[in-house]
Amino acid sequence: MISEMAVILREQLMAVLPDFGQHLGFDGTDIASHSTGRVSRTTGQTSDPDADWGHHETQGVDAATGKAWKKIKRWFGYGLHLIADTQYEIPVAFELTPASVSRTADLYGR
C-alpha cells in the first residue's frame with residue numbers, strides 16, 4: 001500500500017514540478033529490528049523471520065597518523081535503499097530489503 005501511495009504522489013509531483021526527478025541521489029541506511037536475531041529452539045525461526053543479519057564495512061587512512069583503519073557495523077534487521085530528488089529533497093523511490101542485501105551490487109545490477 002505504501003509503495004502504491006509513493007507512485008501516486010511521485011506522479012502528482014511530476015505534474016506540478018516539471019524538473020522533479022532530474023537531479024537524483026542514492027543512499028541507504030540500516031533499520032534495526034527489535035528482534036535479537038536468535039533462532040528459537042522450538043520454531044527454528046527468529047521473532048522477526050523477514051529480517052536477517054547485515055554488515056557494512058568502512059575503511060580509510062587516518063590523515064594525522066597515516067595508519068589504516070577499518071570499521072565493521074553489524075545489525076539484525078533491514079536495509080532501506082532510497083533514491084531522492086536532490087533539488088527538492090523529496091524521495092522518488094525506495095526499497096526495503098533484508099539487511100543482507102547489498103546497497104550497491106544487488107540494486108544497481110537490477
Side-chain angles (χ1 to χ4, degrees):
M1 182 187 297
I2 293 173
S3 296
E4 292 172 12
M5 288 182 354
V7 170
I8 292 167
L9 292 171
R10 181 178 60 230
E11 290 172 356
Q12 290 175 352
L13 279 170
M14 292 176 89
V16 295
L17 301 172
D19 58 344
F20 180 72
Q22 290 184 3
H23 305 280
L24 300 175
F26 174 81
D27 200 4
T29 190
D30 61 277
I31 300 175
S33 172
H34 287 288
S35 173
T36 62
R38 293 186 180 155
V39 176
S40 167
R41 292 181 198 168
T42 56
T43 66
Q45 291 187 337
T46 66
S47 59
D48 188 351
D50 294 328
D52 66 4
W53 287 97
H55 76 279
H56 180 72
E57 292 185 25
T58 308
Q59 57 188 355
V61 177
D62 187 303
T65 64
K67 292 184 178 182
W69 58 269
K70 181 191 265 188
K71 179 180 176 183
I72 301 174
K73 179 180 182 175
R74 299 181 200 289
W75 75 99
F76 185 79
Y78 303 90
L80 174 64
H81 313 277
L82 183 71
I83 298 174
D85 182 295
T86 58
Q87 180 178 352
Y88 294 105
E89 298 180 358
I90 298 173
V92 174
F94 69 92
E95 186 172 12
L96 185 66
T97 64
S100 63
V101 175
S102 168
R103 292 183 193 170
T104 54
D106 293 337
L107 295 173
Y108 284 131
R110 289 185 182 176

Between [X] and [Y], what is the shortest heavy-atom contact and its length?
X	Y	answer
Ser35	Thr46	OG-CB, 4.1 Å
Phe20	Pro91	CZ-O, 4.1 Å
Gln22	Asp85	N-OD2, 4.0 Å

_Set of side chain to side chain contact (heavy atoms under 4.5 Å, CB included) partners for Thr42, sequence neighbours left out_ =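 For Thr42, the residues satisfying side chain to side chain contact (heavy atoms under 4.5 Å, CB included) (neighbours in sequence not counted) are Ser40.
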*Listed by chain and number, what are the side chain to side chain contact (heavy atoms under 4.5 Å, CB included) partners of Ile31, not counting sequence neighbours?*
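Counting only residues at least two positions away or on another chain, Ile31 forms a side chain to side chain contact (heavy atoms under 4.5 Å, CB included) with Tyr78, Leu80, Leu96.
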Run the side-chain donor-acceptor check on residues 57-64: report pairs under 3.5 Å with partners two or more places apart or on a different chain.
{"from": "Asp62", "atom 1": "OD1", "to": "Ala64", "atom 2": "N", "distance (Å)": "2.7"}
{"from": "Asp62", "atom 1": "OD1", "to": "Thr65", "atom 2": "N", "distance (Å)": "3.1"}

*Shared ILVMFWY cluster between Val16 and Tyr88, side chains joined below 4.5 angstrom?*
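Val16 and Tyr88: one cluster.
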*Is any side-chain heavy atom of Val92 closer than 4.5 Å to a side-chain heavy atom of Arg10?*
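Val92 vs Arg10: side chains touch.
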*Find out whether Gln12 and Leu9 are in side-chain contact, i.e. whether some heavy atom of one side chain is under 4.5 Å from a heavy atom of the other.*
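Of all side-chain heavy-atom pairs linking Leu9 with Gln12, at least one is under 4.5 Å.
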*Does His23 offer a backbone N or O that forms a donor-acceptor pair with the side chain of Thr86 under 3.5 Å?*
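Answer holds: yes.
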*asked:* Taking ring-ring contact (aromatic ring centres under 6.0 Å, His included) as the definition, give me every residue that meets it alongside Phe76, ordered by chain and number, with sequence neighbours left out.
replied: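 Counting only residues at least two positions away or on another chain, Phe76 forms a ring-ring contact (aromatic ring centres under 6.0 Å, His included) with Trp53.
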*asked:* Checking Asp52 now: which residues fulfil side-chain hydrogen bond (donor to acceptor under 3.5 Å, both in side chains) with it, not counting sequence neighbours?
replied: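 Asp52: side-chain hydrogen bond (donor to acceptor under 3.5 Å, both in side chains) contacts with Ser100.
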_So, using salt bridge (Lys or Arg N to Asp or Glu O under 4.0 Å) as the criterion, who are the partners of Lys73 when residues are at least two apart?_
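In terms of salt bridge (Lys or Arg N to Asp or Glu O under 4.0 Å), with neighbours along the sequence ignored, Lys73 is linked to Asp30.
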